[in-house]
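Please read the structure below before turning to the comments.
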Amino acid sequence: MLQKPRGTRDFLPDEMEARRAVEGKLRDVARRWGYREVCTPVFEDLELFTMRSGEGIIEEMYVFEDKGGRKLALRPEITAAVIRMYINEAKVAPKPLRWCYFADCFRYERPQKGRYRQFWQFGVELIGADTAAADAETIMLASDMLNATGVTYELKVGHLSFMKNLVKDLEPAMQRRVRAHLDKKDFDGLNATLESLNRTDLAVSLTALVNTRDLAEAFEIAGTIQEKVRFEQTIGSLDAAGVNYSLNFGIARGLDYYTGMVFEGFAQNLGAENQILGGGTYRLAHLFGGDDVASCGFAIGFDRVMVSLGDITPAIVPVVGIVCTSEGRTRALLVAKAFRDAGIRTEMDLMERGLGAQLAHAAKTANFAIVIGQRETESGQVTIKNLATAEQKTVDPAAAIAEVRAFGPR
RNA sequence: GCCAGGGUGGGGUAGUUGGUCAUCCUAGAGGAUUGUGGAUCCUCCGACCCGGGUUCGAAUCUCGGCCCUGGCCCCA
């Protein structure tokens, strides 16, 4: 038997309804903040993704050649594509641009809990605003969105300049190595690296920086950074807005991509793959041939949010099963249409079953049965049966529709 | 790429000193029951992950692969 490709998943209707419900909550928050949805191709030129990250990431991508010999890749993330799109299509749009997306990405990695080869990201990009207010808005939006899903999480906010300031005297390659150690909280490796450079003094201050949760203390350790005022304003806005976060200056977020403020969200009940959100300020546009534009954004790991939320009780929506005899069948079609026009999920028998069997099936799949036989056809009414309580009565179709609608939210 | 555990009908399972038609529950279809459902009974449907090896004979032993679950690595 054919199997689905490794690391992919099938979603049955129950699960899709749960996913759509959460997606809808994220969408709704983004909409209320003014972020409008964009969509980019599932595959792009390979170069779009290797440009800023090097050839190494090809190992983790789905790369292929099309019939015209073009080297393409399934998108491993969306931000690069959105910025490419901005340069191609929207360079002259009034700033700032508030965009969001919900899309699947592909990475060739070993699957495990919360990590799949096809996975969905809900992200936002705020393009063209280079201010503390912009930085604060993305964090507030991230917080709002995660709150809307109901997931339990921890939000960490930091700034790359603190760490950069401390290691600015090191060779670029060494800076990168130190930041990699810090990102992984690998203090043994950090100490070894700094010892080999005769800079054990840095080990002390870097460790202190990573451990502090206090802004004033961070400035003491790292010295004044150029973006001091902006970051203080950003933090001030978060406090004023009542955002629940903690400061963390150990966030390195994958090296060269981000330029300043960075933030990450972690779910509490996941395993090794517990990061559910990542973002910050960045500059990418110039890499793709555009003018240099400051941007800020984040992406939510949608699948991890779903794993963290666990089983979701689906919203109760009334379902109507039309039960009819052969005499009532023609009229049943019209009644079914009336129910559907009223927005009610309505299903008819397709198996040519008898009345009893139709009712038995309706009892498993619906909340109400609408019985239409010869008697109802002659009287112009329908018999509505509440399948949970077994109560039934014969009324006009309009009254039956009203009763179903009163059952619960559609 | 590495490590550990696992893979028997759609779901859940029993079954090895190797030996009849592979067990049971559930789900699904039909019937007992042609205008009233979830009970009961009956019938049907449907599986040993794939391939090689050992053997008269493999779900069982063995090797390789694939896939699943979790951990490592990585995570733009």
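Throughout, a chain's letter reflects where its sequence line sits, starting with A, and its residues are numbered from 1.
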Would you mind pulling out the nucleotide paired to B:rU55, Watson-Crick or G-U wobble, both distances under 3.5 Å? none
Grab the CD1-P distance between A:I78 and B:rC75 for me, whole Å please. 19 Å
Under 4.0 Å from any atom of RNA chain B, heavy atoms only: list the residues of residues 109-125 of chain A that qualify, in numerical order. A:E109, A:R110, A:Q112, A:K113, A:R115
Distance between P atoms of B:rG15 and B:rG1 (Å, rounded): 35 Å
If you look at every strand shown and take non-hydrogen atoms under 4.0 Å, does A:G373 touch a base, only sugar-phosphate, or nothing? base
Could you check A:R98 against A:I127 for side-chain contact (heavy atoms from CB on, under 4.5 Å), going step by step and ending with a plain yes or no? CA-CA 7 Å; A:R98 291 185 172 93; A:I127 301 168; over 6 Å; no
Searching all strands shown, indicate the nucleotide that pairs with B:rG5 (Watson-Crick or G-U wobble; both distances under 3.5 Å). B:rC68
Please give, in whole Å, the distance from B:rG70 P to A:N274 CG? 14 Å
Just checking A:A360: base, sugar-phosphate only, or nothing, at a heavy-atom cut-off of under 4.0 Å? sugar-phosphate
Under 3.5 Å, is there an N or O donor on one side and an acceptor on the other linking the side chain of A:Q392 and the base of B:rU36? yes
Can you tell me the base-pairing partner of B:rU40? Count Watson-Crick or G-U wobble geometry only, both distances below 3.5 Å, and say none if there is no partner. B:rA32
Taking the P atom in each of B:rC63 and B:rC21, what is the distance between them to the nearest angstrom? 29 Å
SB check A:R230 A:E232 (cutoff 4.0 Å): no
Distance, P atom - from B:rG11 to B:rU55, rounded to whole angstrom: 36 Å
Under 4.0 Å, heavy atoms only, any strand: does A:G301 hit a base, just the sugar-phosphate, or nothing? nothing
What N/O pairs connect the protein and nucleotides 45-47 of chain B at under 3.5 Å? Give each pair on its own line.
none

Indicate yes or no for a side-chain donor-acceptor contact from A:D130 to the backbone of A:A294 under 3.5 Å, with no hydrogens or angles considered. no
Main-chain N/O of A:G24 paired with A:D28 side-chain donor or acceptor, under 3.5 Å: no
Expressed as a whole number of Å, how far does the P atom of B:rG5 sit from that of B:rC61? 15 Å
On the 0 to 90° scale, with breaks at 30° and 60°, tag the A:Y108-A:Y62 ring pair as parallel, tilted or perpendicular. perpendicular
Would you sort out whether A:T79 and A:E125 count as a side chain to side chain donor-acceptor pair (under 3.5 Å), showing the intermediate values? CA-CA 8 Å; A:T79 298; A:E125 309 294 347; 2.8 Å; yes
Should B:rG46 form a Watson-Crick or G-U wobble pair with both distances under 3.5 Å, which nucleotide is its partner? none
Taking atom CZ of A:R353 as the centre, report whether more than 12 heavy atoms of other residues, nucleotides or ligands fall under 6.0 Å from it. yes
Gap between atoms NZ and P, on A:K4 and B:rC67 respectively (whole Å): 11 Å
Would you say the base of B:rG35 and the side-chain of A:E376 have a donor-acceptor pair closer than 3.5 Å? yes
What's the gap between B:rU16 and B:rG10 when it is taken at their C1' atoms, as a whole Å value? 27 Å
For B:rA47 and B:rU8, measure between their P atoms and round to the nearest Å. 14 Å
From A:K228 atom NZ to A:S161 atom OG, the distance as rounded to the nearest 0.5 Å: 13.5 Å
When you measure from the side chain of A:S308 to the backbone of A:R304, do you find a donor-acceptor pair of N or O atoms at a distance under 3.5 Å? no
With A:Q118 via side chain to side chain donor-acceptor pair (under 3.5 Å) - residues at least two apart: A:D104
To the nearest angstrom, how far is A:D349 atom CG from B:rG35 atom P? 14 Å
Check the interface with nucleotides 7-9 of chain B: list each N/O to N/O pair with the protein under 3.5 Å, or write none.
none

Nearest-Å distance for atom pair NZ/P, residues A:K393 and B:rG35: 25 Å
Let me spell it out: for each of A:Q374 and A:R304, pick the nucleotide of RNA chain B with the closest heavy atom. Which residue's pick is nearer the 5' end? A:Q374
Inter-residue atom distance A:F122.CZ - A:T149.OG1, 0.5 Å rounding: 11.5 Å
Give the table of side-chain donor-acceptor pairs shorter than 3.5 Å for residues 38-47 of chain A, with sequence neighbours excluded, one pair per line with atom names and distance.
| unit_1 | atom_1 | unit_2 | atom_2 | d |
| --- | --- | --- | --- | --- |
| A:E44 | OE1 | A:R84 | NE | 2.8 |
| A:E44 | OE2 | A:R84 | NE | 3.3 |
| A:E44 | OE2 | A:R84 | NH2 | 3.0 |

Rounded to whole angstrom, note down the C1' distance from B:rG6 over to B:rG65. 16 Å
Keeping the roles fixed (side chain from A:E391, backbone from A:N386), state whether a donor-acceptor pair exists under 3.5 Å. no
Collect all protein-nucleotide pairs involving nucleotides 29-31 of chain B in which both atoms are nitrogen or oxygen and the distance is under 3.5 Å.
| unit_1 | atom_1 | unit_2 | atom_2 | d |
| --- | --- | --- | --- | --- |
| B:rA29 | OP1 | A:R353 | NH1 | 3.2 |
| B:rG30 | OP2 | A:R353 | NH1 | 3.0 |

Does A:A362 reach a base, just sugar-phosphate, or nothing at all? Heavy atoms under 4.0 Å. nothing
Does A:T200 form a side chain to side chain donor-acceptor pair (under 3.5 Å) with A:E195? I'd like the steps, not just the answer. CA-CA 5 Å; A:T200 47; A:E195 237 163 77; over 6 Å; no
Supply the atom-to-atom distance A:F119 CZ to A:T8 OG1, rounded to the nearest 0.5 angstrom. 13.5 Å
A:Q275 CD to B:rC74 C1': how many Å, rounded? 13 Å
Between B:rG46 and B:rC25, how far apart are the C1' atoms? Round to whole Å, please. 15 Å
Using atom CG of A:L359 as one end and atom P of B:rG38 as the other, report the distance to the nearest whole Å. 9 Å
B:rU16 - base-pair partner by Watson-Crick or wobble geometry, distances under 3.5 Å: none
Within this structure, what is the CZ-to-P distance between A:R6 and B:rU69, rounded to whole angstrom? 9 Å
What contact category does A:Q358 fall into here, base, sugar-phosphate, or nothing, at under 4.0 angstrom with non-hydrogen atoms? nothing
Any side-chain donor near an acceptor of the partner, A:E264 and A:Y153, under 3.5 Å: no
Are A:Y35 and A:E137 close enough, and set up right, to give a side chain to side chain donor-acceptor pair (under 3.5 Å), and what steps lead you there? CA-CA 11 Å; A:Y35 287 73; A:E137 172 162 312; 2.7 Å; yes
